[in-house]
Protein chains: 4
Amino acid sequence: MTALQFPTAPRRRSIGARRSPDTERAVLTAARQLLAERGYSGFSVDEVARRANAGKPTIYRWYPTKADLFIAIYAEEKTAAVPTPDTGSLSGDLLAYTQSLWRFWRAHPAGRTVCALIAEAQASEAALGALRGKFLPERTLPVRLLFERAAARGEIAREEIETRLQLWIGFNWFRLLTADIDAEEALPATMRIIAAPHT
Amino acid sequence: MTALQFPTAPRRRSIGARRSPDTERAVLTAARQLLAERGYSGFSVDEVARRANAGKPTIYRWYPTKADLFIAIYAEEKTAAVPTPDTGSLSGDLLAYTQSLWRFWRAHPAGRTVCALIAEAQASEAALGALRGKFLPERTLPVRLLFERAAARGEIAREEIETRLQLWIGFNWFRLLTADIDAEEALPATMRIIAAPHT
Amino acid sequence: MTALQFPTAPRRRSIGARRSPDTERAVLTAARQLLAERGYSGFSVDEVARRANAGKPTIYRWYPTKADLFIAIYAEEKTAAVPTPDTGSLSGDLLAYTQSLWRFWRAHPAGRTVCALIAEAQASEAALGALRGKFLPERTLPVRLLFERAAARGEIAREEIETRLQLWIGFNWFRLLTADIDAEEALPATMRIIAAPHT
Amino acid sequence: MTALQFPTAPRRRSIGARRSPDTERAVLTAARQLLAERGYSGFSVDEVARRANAGKPTIYRWYPTKADLFIAIYAEEKTAAVPTPDTGSLSGDLLAYTQSLWRFWRAHPAGRTVCALIAEAQASEAALGALRGKFLPERTLPVRLLFERAAARGEIAREEIETRLQLWIGFNWFRLLTADIDAEEALPATMRIIAAPHT
DNA sequence: ACGTAAGCGAGACGGTACGTCAGGTCTTAGG
DNA sequence: CCTAAGACCTGACGTACCGTCTCGCTTACGT
């Protein structure tokens with residue numbers, strides 16, 4: 001009666017009144033792969049559950065919102081993948097960081113995760129909240145530190161940190177959302193403008 | 001729940017082997033209203049058809065993709081709503097234009113249309129193509145002209161037009177996608193950075 | 001992924017804005033077989049849809065309630081399966097009819113359908129309504145006619161028709177619900193009591 | 001939504017290798033109330049566990065089947081609620097007993113328990129067994145005694161006890177299952193037929 | 001003048017996914 | 001040894017959309 005996907009797959013059982021790390025891993029892995037393979041539109045909790053041999057309610061228990069799931073996926077991926085540079089100048093730092101980031105986005109499906117999260121935020125209030133309240137502050141912290149270091153050096157005005165940071169984020173989003181993160185020629189010039197000292 | 005536009009509306013009939021302008025109008029109006037009321041996630045072709053008293057195949061015949069529908073909606077809306085300023089300086093021009101644009105986005109549901117189109121582009125290749133190939137060039141043309149005028153004045157380098165334009169677009173998308181187009185305090189400083197002459 | 005029952009089954013398509021008789025037939029057949037095989041507890045709309053190669057919404061469109069589906073199944077089955085006897089006496093008529101009915105219930109899974117409908121009526125107000133308002137009046141009409149004929153003959157009082165009919169129904173339900181319709185020895189005596197003239 | 005009985009209830013702990021009477025009581029009380037409030041369809045072991053502050057496995061250990069739980073509930077309720085009458089005639093006895101029983105069913109949610117048990121018996125073999133082997137013999141014993149007393153008086157034939165008893169049970173089930181135990185006008189006539197001496 | 005071709009509304013169709021609830025099973029912690 | 005607690009997988013629920021398809025109608029156009 002029960003149609004096991006892989007007849008030989010040893011059905012994962014409960015390990016008692018505790019979360020099963022196996023299940024958690026299987027879910028995240030399946031979600032990441034699915035997002036990589038089929039993108040935002042092909043992503044569904046049903047399919048994640050199927051691939052992970054997990055129950056839908058289990059997934060919903062941990063990640064009440066798709067956004068939570070996307071964040072969890074991205075949190076795992078980004079870990080220490082993009083180093084924080086120190087070139088001596090803000091423009092150089094931004095350039096190095098952005099190049100690393102884009103290289104990372106190209107190599108891993110992480111970029112798609114960000115796109116998915118942004119798209120999801122257009123559809124769900126909860127996702128928007130998670131994006132603004134949790135994802136953005138955490139993920140842009142390294143870049144913010146670059147700006148703050150520059151401000152400490154007197155390179156830029158302290159009041160402009162937020163504005164310049166948003167310019168940097170916006171530029172990255174634009175290129176990411178239009179699937180245009182391969183061409184890096186314009187990057188140095190762009191970063192110079194973002195980092196330009198006030199005249 | 002279903003808001004029949006005219007509960008007693010005499011069913012619209014074919015007018016022969018030509019597109020019915022009535023239907024075309026009803027569809028676009030319904031789509032715009034629906035997007036305004038319920039946003040991207042609440043938007044569905046089914047509901048548009050219901051509200052417009054139209055058949056689904058009719059809608060699909062004209063707009064094979066949701067993106068096409070979004071573009072058609074936005075095309076109608078933006079018409080001559082944002083004037084092209086001429087303040088003498090690029091920074092001033094950008095500030096004036098951006099303020100007008102945000103005011104327009106706040107007043108009309110047009111901003112939601114842009115968000116919807118961007119989100120849809122993450123889900124559909126066709127939508128991405130429409131966004132890059134048609135929507136962006138058309139809609140950003142006025143701003144591009146501001147940059148080109150500034151380049152003609154010698155304010156900025158001609159090679160940097162594209163870069164600066166993308167910075168401007170990215171910033172606007174970022175604020176729009178994070179539902180943060182109310183606070184305008186930082187706008188002047190931001191526009192100054194985008195317009196800053198190369199040192 | 002979707003486990004098509006018959007991988008080669010040509011997917012049934014819409015035939016326009018009308019119900020497809022093919023689909024209707026497939027659904028009823030699948031439902032009947034499922035109920036026969038697995039009984040009330042094993043019955044699910046999902047499984048019916050799977051077996052019938054039909055969409056769940058299609059089933060719900062026609063049969064908003066499980067009770068409606070059960071009634072439709074039973075309506076098909078009972079057609080002319082139980083003849084109306086005429087033995088000359090009420091007791092004889094009832095005996096003949098009841099024996100035919102039980103034989104029918106034993107041969108076909110129709111008895112299970114009745115059980116399912118009664119059980120469903122305990123769970124859903126709508127099902128109870130359908131049972132009382134539609135199923136019972138229709139299905140017991142032949143027996144009611146037996147009583148009315150007897151009343152016309154003067155065998156029983158006209159005011160007692162309803163009471164005696166309920167005794168007959170109740171007895172049948174009791175045996176059916178306790179899965180005890182094989183033993184017919186007591187039937188003649190029971191029918192004699194139900195048909196006994198008032199003293 | 002979930003009505004925690006005591007939101008701040010100090011969670012009950014194990015009292016060692018013995019059944020906790022507190023828990024047993026809490027489970028039965030919760031089950032009875034739940035059945036009374038929401039009927040058969042609204043009844044779930046999950047909800048019972050929630051209300052009783054108990055673990056689901058605990059409930060399943062004591063009552064492996066829903067039917068067992070229903071029986072336990074009804075066993076508690078019926079205790080000495082319906083007296084055994086002695087009017088001198090079988091018809092009178094049956095009438096008095098049935099009236100008392102219906103009054104009891106109307107006043108207490110006990111009737112719903114019977115319905116639930118019957119419905120459950122259509123879904124589960126175990127429940128059917130419990131219904132036939134345990135519930136029916138126990139619960140109909142008082143009525144059977146009425147018939148046996150009448151047989152001893154010579155009012156009815158001893159061989160007809162079973163048949164007449166089933167008529168009585170069937171009639172009661174029919175009215176109970178169709179939620180029709182308010183109208184008592186027809187009761188005397190019905191009981192007279194069940195009790196009619198053979199002619 | 002009239003047949004044909006196209007546009008149109010309606011809505012049924014097979015699917016997929018949604019988010020939730022219930023059913024039972026399992027393991028650990030603890031008395 | 002037994003209880004309590006809760007996580008786990010399964011599967012069903014009823015609904016919303018998707019994009020396709022067929023109908024029956026109406027009108028304009030080409031012959």
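Taking the six-membered ring for Trp, D:F70 and D:Y63 have ring centres at least 6.0 Å apart.
Phosphate contact (OP1/OP2 of E:dG23, side-chain N/O of D:K66, threshold under 4.0 Å): present. Between C:W62 and E:dG11 there is no side-chain polar atom (N or O) within less than 4.0 angstrom of OP1 or OP2.
Among the nucleotides F:dG6, F:dT20, F:dC21, the one closest to any side-chain atom of B:Y60 is F:dT20. When distances are taken from the side chain of C:T23 to each of E:dT20, E:dC13, F:dC18, the shortest belongs to E:dC13. Side chain of B:V45, nearest nucleotide from E:dA17, F:dC18, F:dA12: F:dC18. Ranking E:dG23, E:dC21, E:dA12 by closeness to the C:R61 side chain, first place goes to E:dA12. Of the listed nucleotides (F:dA12, E:dG23, F:dT20), F:dA12 has the atom at the smallest distance from the side chain of C:D46. Closest to the B:A54 side chain, of the nucleotides E:dA12, E:dG9, E:dG23, is E:dG9. With distances taken from any side-chain atom of D:R50 to the nucleotides E:dA22, E:dC8, F:dC13, the minimum falls on E:dA22.
Using a 4.0 Å heavy-atom cutoff across all strands shown, D:T58 reaches at least one base atom of the nucleic acid.
The strand DNA chain F forms stems, runs of 3 or more Watson-Crick or G-U wobble pairs with distances below 3.5 Å, at E:1-31 with F:1-31.
Nearest heavy atom pair, residue A:L34 against residue A:G42, reads CD1-O, 4.0 Å.
Rounded to whole Å, atom P of F:dG19 lies 11 Å from atom CG of B:L69. Look at CG on D:D68: it is 12 Å from P on E:dG24, rounded to the nearest Å. Nucleotide E:dA6 holds its P atom 19 Å from the CD atom of B:E24, rounded to whole Å. Whole-Å rounding puts the C:Y40 OH to F:dA12 C1' distance at 13 Å. The CG atom of B:D22 sits 17 Å away from the P atom of F:dT26 (whole-angstrom rounding). To the nearest angstrom, P of F:dT15 lies 17 Å from CD of B:E47. Per the geometry, CD1 belonging to D:I59 stands 10 Å off P belonging to F:dA4, to the nearest Å.
Using modelled atom types, no side-chain atom of C:E47 and backbone atom of C:F43 make a donor-acceptor pair closer than 3.5 Å. Under the 3.5 Å distance criterion, the side-chain polar atoms of A:T65 are left unmatched by any main-chain donor or acceptor of A:D68.
In this structure, A:L128 CG and A:L117 CG are separated by 9.5 Å, a value rounded to the nearest 0.5 Å.
For B:R25, the salt bridge (charged side-chain N to carboxylate O under 4.0 Å, His left out) partners at least two apart in sequence or on another chain are B:E76. By the ring pair (Phe, Tyr, Trp, His ring centres under 6.0 Å) test, A:F135 pairs with A:Y74, sequence neighbours left out.
Residue D:K56 places a side-chain atom within donor-acceptor reach of the base of E:dG24, judged by atom type and a 3.5 Å distance cut-off alone.
When the nearest nucleotides of DNA chain E are assigned to D:F43 and A:P64 by heavy-atom distance, the more 5′-ward of the two goes with A:P64. When the nearest nucleotides of DNA chain F are assigned to C:P57 and C:S44 by heavy-atom distance, the more 5′-ward of the two goes with C:S44.
For B:R112 and B:E37, the salt-bridge test fails: no basic side-chain N is under 4.0 Å from an acidic carboxylate O.
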